J.: 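Just dropping this structure here.
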Amino acid sequence: MTGKTAVLVYDTIHGRVLTRLEEKFELILVRRGVPPSISPEDAERVKGAAIFGAFGADWIDLLPNLEIIAHFGVGYDGVDCAAAARRGIIVTNTPDVLNDEVADSAVALLLNTIHQIPRVERWLRSGDWAEKGSCPLSPMSMKGRTVGLYGLGRIGIEIARRLEPFKVKIAYHTRSKREGVDYAHYPTLLALAEAVDTLICIVPGTPETHKAINAEVLKALGPNGVFINVGRGTSVDEDALIEALNAKTLAAAGLDVFYDEPKVPQGLLDAENAVLWPHIASATVPTRDAMGDLVVDNIIRWFAEGKTLTPVPETPAPV
Ligand code: NDP
């Protein structure tokens with residue numbers, strides 16, 4: 001025991017979080033992804049938590065003196081905010097500092113998917129270029145596409161702005177029309193899917209968005225349709241997606257996120273017309289450092305001033 005405030009930390013969290021936190025706090029490192037395991041003495045001392053991904057009521061209920069959960073990541077669907085709110089525990093996330101990185105990744109994933117970049121690179125590396133000649137052409141092009149954004153928040157708007165120079169038409173679906181943009185707004189996801197041939201998912205994982213991208217939505221994109229997911233895998237009916245990719249009722253998909261990460265269904269691994277990334281849309285050192293700094297700054301501010309920088313709306317906190 002050090003006399004410092006004790007903060008529970010997932011042991012595999014980004015290194016900068018550990019380095020900065022240990023300057024001011026006692027760190028209690030725990031393993032992520034296993035049933036909660038902590039000694040009663042440590043549990044009693046924990047006042048803050050720096051975590052990423054899942055942090056459920058099983059953890060929260062174990063920590064009687066917990067005051068703040070600082071989540072590494074803007075999407076905090078893994079945190080049981082209702083359980084936290086019942087106990088008056090503040091939850092914070094890391095908005096804005098990753099907008100550019102994730103938007104860049106979304107455009108990169110779209111281009112990779114349309115131009116079939118992984119396949120053409122395999123063609124070169126395998127020696128096929130030298131042996132068999134030019135690589136077979138991609139049947140898809142960005143030219144003439146209408147791109148629909150499912151979500152036009154902090155990241156969605158950055159994706160849309162980046163797509164403008166590609167001369168594509170842009171439309172979106174959100175529950176409320178966004179002020180100050182000229183893109184066509186559709187009141188339902190299905191209406192958007194019917195109007196576009198390219199759909200980019202960048203909504204949070206919530207009960208409302210759960211499996212919202214279903215067979216009907218995918219079919220509406222048409223046989224030249226491309227689906228990109230940089231939001232959450234839980235927004236997709238993966239069985240329906242695999243079926244659409246196999247039947248070629250959808251041309252291709254580019255996925256950074258999956259329903260039950262890190263498990264990826266065999267049907268997606270087998271699909272030649274899918275480009276698959278291991279949830280890396282924000283994964284560069286500068287951006288992960290910025291996210292880590294925000295996690296730490298929220299915790300420091302909370303224990304110094306009783307305020308946070310970026311609280312989530314479900315657990316209202318003084319800012
Ligand atoms: P914001 O809260 O700024 O934007 C969310 C957008 O989704 C808003 O336009 C909102 O509009 C819309 N939305 C929310 N619920 C619904 C709904 N039920 N139906 C239709 N639209 C909805 O979030 P960010 O842009 O910062 O982040 C979005 C998500 O992206 C994160 O929550 C996270 O899950 C994911 N993400 C993934 C990353 C990755 O590594 N792949 C990295 C970063 C984020 P309205 O409220 O009007 O409906």
Side-chain angles (χ1 to χ4, degrees), residues 14 52-55 71-79 81 91-110 112-113 148-163 170-181 183-193 196 199-214 217 227-236 253-262 264 275-288 290-292 294-295 309-314:
H14 185 57
F52 62 100
F55 199 71
H71 182 261
F72 181 91
V74 66
Y76 51 95
D77 41 299
V79 180
C81 288
V91 176
T92 64
N93 66 340
T94 61
D96 290 320
V97 293
L98 41 51
N99 294 351
D100 288 330
E101 204 73 69
V102 179
D104 290 350
S105 295
V107 175
L109 185 52
L110 175 62
N112 266 264
T113 305
L149 283 141
Y150 178 31
L152 196 70
R154 291 170 294 238
I155 300 171
I157 192 71
E158 292 297 334
I159 298 173
R161 288 185 179 135
R162 279 159 176 74
L163 288 174
I170 298 170
Y172 70 104
H173 163 63
T174 51
R175 291 165 301 181
S176 337
K177 203 167 179 290
R178 185 169 172 141
E179 296 298 319
V181 298
Y183 312 131
H185 176 257
Y186 287 84
T188 67
L189 175 58
L190 185 58
L192 175 70
V196 304
L199 182 68
I200 301 179
C201 172
I202 186 65
V203 283
T206 65
E208 258 184 298
T209 60
H210 186 256
K211 292 196 179 180
I213 296 151
N214 56 22
V217 167
F227 170 60
I228 302 296
N229 196 358
V230 284
R232 280 289 179 267
T234 49
S235 299
V236 181
L255 309 173
D256 181 51
V257 286
F258 301 88
Y259 193 89
D260 185 19
E261 296 174 7
V264 178
V275 174
L276 310 174
W277 287 356
H279 202 145
I280 50 83
S282 71
T284 65
V285 171
T287 292
R288 290 286 170 91
M291 292 163 64
L294 194 44
V295 167
L309 296 163
T310 49
V312 306
E314 292 87 343

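Whatever order the structure lists ligands and atoms in, that order sets their numbers, starting from 1. What you see is a predicted model; the values in this text were computed from it and never measured.
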J.: Is K211 close enough and on-axis enough to Y259, meaning under 6.0 Å and within 45°, for cation-pi?
T.: yes

J.: Which atoms of ligand 1 sit under 4.0 Å from any heavy atom of T209?
T.: 17 (C), 18 (N)

J.: Tell me whether ligand 1 is touched by T206 - counting only heavy atoms on the residue side and a distance under 4.0 Å.
T.: no

J.: For V257, take its heavy atoms, then give the atoms of ligand 1 lying under 4.0 Å from any of them.
T.: 41 (N)

J.: Go through ligand 1 atom by atom and flag the ones less than 4.0 Å from a non-hydrogen atom of S176.
T.: 47 (O)

J.: What are the atoms of ligand 1, with element, lying closer than 4.0 Å to any heavy atom of T174?
T.: 9 (O), 11 (O), 20 (C), 21 (N), 45 (P), 47 (O), 48 (O)

J.: Identify which of G233, G153, S235 has a heavy atom lying nearest to atom 6 (C) of ligand 1.
T.: G153

J.: Give the atom numbers and elements of ligand 1 that come within less than 4.0 Å of a heavy atom of E208.
T.: 18 (N)

J.: Within the 4.0 Å heavy-atom shell around H279, which atoms of ligand 1 are there?
T.: 39 (C), 40 (O), 41 (N)

J.: Thinking salt bridges, do R154 and E158 make one under a 4.0 Å N-O criterion?
T.: no

J.: Compute the minimum heavy-atom distance from G231 to ligand 1 and say whether it is under 4.0 Å.
T.: yes

J.: List ligand 1 atoms under 4.0 Å from V102, heavy atoms only on the residue side.
T.: 42 (C), 43 (C)

J.: Decide, yes or no, whether a salt bridge links D100 with R162 under the criterion of side-chain N to carboxylate O below 4.0 Å.
T.: yes

J.: Could you tell me whether ligand 1 has any atom less than 4.0 Å away from a heavy atom of Y76?
T.: no

J.: Heavy-atom contacts under 4.0 Å between R175 and ligand 1: side chain, backbone, both, or neither?
T.: both

J.: Cut-off 3.5 Å, side chains only: do E101 and S282 have a donor facing an acceptor?
T.: no

J.: Check ligand 1 against A281 and write out every atom of the ligand that is under 4.0 Å from a heavy-atom position of the residue.
T.: 39 (C), 40 (O), 41 (N)

J.: Can you label the angle between the H173 ring and the Y150 ring as parallel, tilted or perpendicular, going by 30° and 60°?
T.: parallel

J.: With only distance considered, is I280 within less than 3.5 Å of ligand 1 through an N or O on each side?
T.: no

